Amino acid sequence: MSLPHLADPAGRYRTMRLIRSFEELALEWVRSGLVVGGTHPYSGQEAVAVGVCAALDPADQLTSTHRGHGHVLAKGADPGRLLAELLGRVGGLNGGRGGSMHAADFSLGILGANGIVGAGAPIAVGAAWAARRRGEPTVVASFFGDGALNQGVLLESLNLASIWRAPVVFVCENNGYATTLPAASAVGGSACGRAAAFGIPAETVDGMDVEAVRAAAERAVRRARSGGGPSFLECLTYRFEAHHTMERRFRLTYRTAEEVASWRERDPLASSPVAGLPEAAAIDREVVELLSTAAEFALTSAEPDPATATDHLYASGLRPRSGAAL
Amino acid sequence: MTLLSYAKAMNRALADALEADPAVCVFGEDVGAGLAGLTLGLQQRFGAERVVDVPLSEQAFTSAGIGAALNGMRPVVELQIPSLLFLVFEQLANQAHKFSLMTGGQARVPLTVVVPGSGSRSGWAGQHSDHPYGLFAHVGIKTLAPATPTDAYGLLSSAVRDDDPVVLFAPAGALGVREDVTAPLVPVPIGEARIHRPGSDVTVVAVGHLVHQALAVAEELADEVSVEVLDPRTLYPLDRSALVESLGRTGRLVVVDDSNRFAGFAAEVLAVAAEECRLLAPPRRVTRPDGAVLPFARALDRALQPGPEQLRDAVRAVLK
């Protein structure tokens with residue numbers, strides 16, 4: 001059974017709209033200082049998270065990245081609790097302990113966004129290995145960007161997944177830049193070439209087309225679930241915003257305005273089969289309402305008590321020694 | 001009476017853990033063959049799906065252990081060489097250790113990393129001879145260094161059952177230790193020190209294989225001084241109350257620790273003593289030098305490790 005909220009084009013459009021609007025609100029909250037630190041906006045890449053998650057079952061799992069809001073929302077996390085997490089509130093997904101870069105909801109199989117590029121891939125392989133050992137049909141989707149293509153641990157993970165025939169779908173979101181470094185000047189060979197070298201079936205798909213991503217992801221998930229081992233998808237996409245919210249202050253010039261504009265013309269929301277229909281306008285209004293409720297939840301959620309700052313440091317309940325003078 | 005070796009005790013602890021809990025599994029290089037001794041015979045007994053030979057990809061298989069732990073397994077990762085811990089520091093310090101807090105308690109990572117043969121093995125030179133337990137203690141990972149076969153059995157058993165990541169250093173210098181075992185082998189709680197020899201004049205805190213050196217020196221000096229030998233067994237979390245109690249009796253402290261001096265384990269023991277105790281004399285420590293890299297030649301390798309002469313001198317120094 002696939003994720004019910006992504007079962008049809010309208011549901012997929014709705015979730016893409018939710019992610020876009022969520023990111024716009026998050027940006028606003030970063031600018032106003034409500035969100036401390038910053039975020040890595042997912043705007044522009046929505047078709048990848050939604051297309052891949054549309055191929056997953058509720059019990060399937062994923063590992064995410066520093067740019068993780070889209071993956072977390074697509075898998076079904078509550079937007080109010082994700083917003084509360086960005087605010088560091090008690091009602092956040094992680095109780096305010098993780099923030100934007102570590103958002104997780106284990107009850108939905110979201111094994112966490114991760115602040116280290118490429119770090120999620122081996123975790124996905126191990127999770128998939130364990131699930132298969134336990135006789136569960138779980139498939140694990142591992143999201144990462146083109147920057148991770150040059151992390152050694154990602155290559156080790158491809159190999160491990162291959163020899164274990166682990167039920168993993170590796171999803172490379174190639175948005176053209178590892179922060180400011182163009183993939184064209186950073187990636188020797190190719191993304192799919194890396195997967196092929198480890199005997200993993202790989203395909204490149206239009207990451208701005210949610211239905212194309214979904215179709216490719218369904219092939220990959222089917223292969224994984226039937227014991228055919230891992231697959232690799234390179235999704236060609238683009239981030240409409242800066243790498244992170246700090247970047248906006250510096251007015252960087254590594255991308256031309258023309259380039260950004262040309263990708264904005266390929267907005268995945270506009271190319272959805274639902275776009276332009278009266279249904280889409282209704283969905284847009286519904287998402288505004290949903291986010292308003294989510295924002296209300298987040299803003300009214302309590303601030304954590306500083307006395308609880310080391311809670312959860314150890315699963316066993318060990319309390320660390322205080323840093324204060326005795 | 002059975003004479004049990006340290007290496008055999010570790011092997012038995014792992015076998016008993018695999019037997020007791022189907023969630024326990026082992027990832028490591030050459031674990032099928034049992035090259036490091038720890039897993040000898042275990043793949044034949046429990047199968048290649050539970051005692052898993054992995055390719056030379058320490059970072060990936062350590063993190064795969066994390067992923068498996070997140071999905072309910074209790075993986076034991078074997079690293080044959082202590083310096084491989086530097087390769088997987090990211091996986092342990094930045095991933096495994098942080099998951100519980102960062103997820104607000106949603107995740108637990110019951111992962112055990114074992115180094116069978118840490119520290120110098122004589123003649124394995126710069127990149128195979130480190131004892132970096134202080135690094136793991138510093139970041140807050142539960143860090144164990146058993147000295148005896150029964151403690152090796154007991155602490156490895158507890159590590160596998162613990163819900164947090166644990167790194168266990170089995171010092172090369174202790175692997176050959178044998179012990180008459182009369183009582184059944186049982187888990188040893190993490191975080192509890194052990195007094196191997198009671199004494200009233202000086203507390204010698206000794207780590208890992210150096211416990212045996214400390215006991216020999218204590219015996220040798222028995223006519224001139226009463227030495228208490230305290231083995232923390234768990235380096236983090238440190239059993240501070242056992243240390244403070246011992247120093248309450250003796251008032252004098254020497255630490256013998258086979259790791260680098262600067263910001264090393266011994267430094268923390270001295271700091272605890274300075275903060276929490278009234279000592280009768282300035283404490284001493286015997287360690288490797290600051291930033292030590294063990295040279296190859298046997299005499300040079302030995303020259304940088306804590307030796308019995310230095311310990312003897314340190315004990316006498318705190319008596320003055």
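Lettering of chains follows the sequences in order, A, B, ..., and the numbering in each one begins at 1. Because the structure is predicted, anything quoted here is derived from the model rather than measured. Below, all heavy atoms of this structure are taken into account, side chains as well, without hydrogens, waters or symmetry copies.
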Quiz prompt | Among A:L111, A:I163, A:V125, A:L160, residue most engaged with chain B (heavy-atom pairs, under 4.5 Å) | solution = A:L160

Practice problem: Please flag which part of B:E49 lies under 4.5 Å from any non-hydrogen atom of chain A: side chain, backbone, both or neither. | Solution: both

Practice problem: Measure A:N159 against the heavy atoms of chain B and call it side chain, backbone, both or neither at under 4.5 Å. | Solution: side chain

Quiz item: Measuring heavy-atom distances to chain B, does A:A113 have an atom under 4.5 Å in its side chain, in its backbone, in both, or in neither?
Solution: neither

Quiz item: Top residue by heavy-atom pair count (under 4.5 Å) with chain A, among B:K142, B:Q91, B:E58?
Solution: B:K142

Quiz item: Relative to chain A, which segment of B:V54 carries a heavy atom at a distance below 4.5 Å: side chain, backbone, both, or neither?
Solution: side chain

Quiz prompt | Expected output: side-chain B:T234 to main-chain B:G191 donor-acceptor under 3.5 Å | solution = yes

Quiz item: Can the ring centroids of B:F27 and B:F61 be said to lie less than 6.0 angstrom from one another?
Solution: no

Quiz item: Between A:S142 and A:A124, which heavy-atom pair has the shortest distance, and what is it?
Solution: CB-CB, 3.7 Å

Quiz item: Is A:D105 reaching over with its side chain to a backbone N or O of A:A77, donor-acceptor style, under 3.5 angstrom?
Solution: no

Quiz item: Under a 4.0 Å N-O cut-off, is there an ion pair linking B:D21 with B:R161?
Solution: no

Quiz item: Given that the side chain runs from C-beta out, which part of B:E90 has a heavy atom under 4.5 Å from chain A: side chain, backbone, both or neither?
Solution: side chain

Quiz item: Given that the side chain runs from C-beta out, which part of B:V88 has a heavy atom under 4.5 Å from chain A: side chain, backbone, both or neither?
Solution: neither

Self-check item: Greatest number of heavy atom pairs closer than 4.5 Å to chain B - which of A:R133, A:E136, A:R321, A:E156
Solution: A:E156

Quiz item: When heavy-atom pairs shorter than 4.5 Å are enumerated against chain A, which of B:T103, B:L70, B:D163 gives the highest number?
Solution: B:T103

Exercise. Could you tell me which of A:P320, A:A127, A:A325, A:A130 has the largest number of non-hydrogen atom pairs under 4.5 Å with chain B?
Key: A:A127

Quiz item: Where does A:L318 contact chain B at under 4.5 Å (heavy atoms): side chain, backbone, both or neither?
Solution: side chain

Quiz item: Which value, rounded to the nearest 0.5 Å, describes the distance between A:F106 atom CZ and A:L108 atom CG?
Solution: 11.5 Å

Exercise. State plainly whether the residues A:E173 and A:R67 are in salt-bridge range, i.e. N to O under 4.0 Å.
Key: no

Exercise. Name the member of A:G112, A:G92, A:P122 that forms the most heavy-atom pairs with chain B at distances under 4.5 Å.
Key: A:P122

Practice problem: Report the distance from atom CD1 of A:I116 to atom OG1 of A:T65, rounding to the nearest 0.5 Å. | Solution: 12.0 Å

Quiz item: Do the side chain of B:R50 and the main chain of B:V24 share a donor and acceptor less than 3.5 angstrom apart?
Solution: yes

Quiz prompt | Selection from B:G65, B:G105, B:A107, B:S100 maximising heavy-atom pairs under 4.5 Å formed with chain A | solution = B:S100

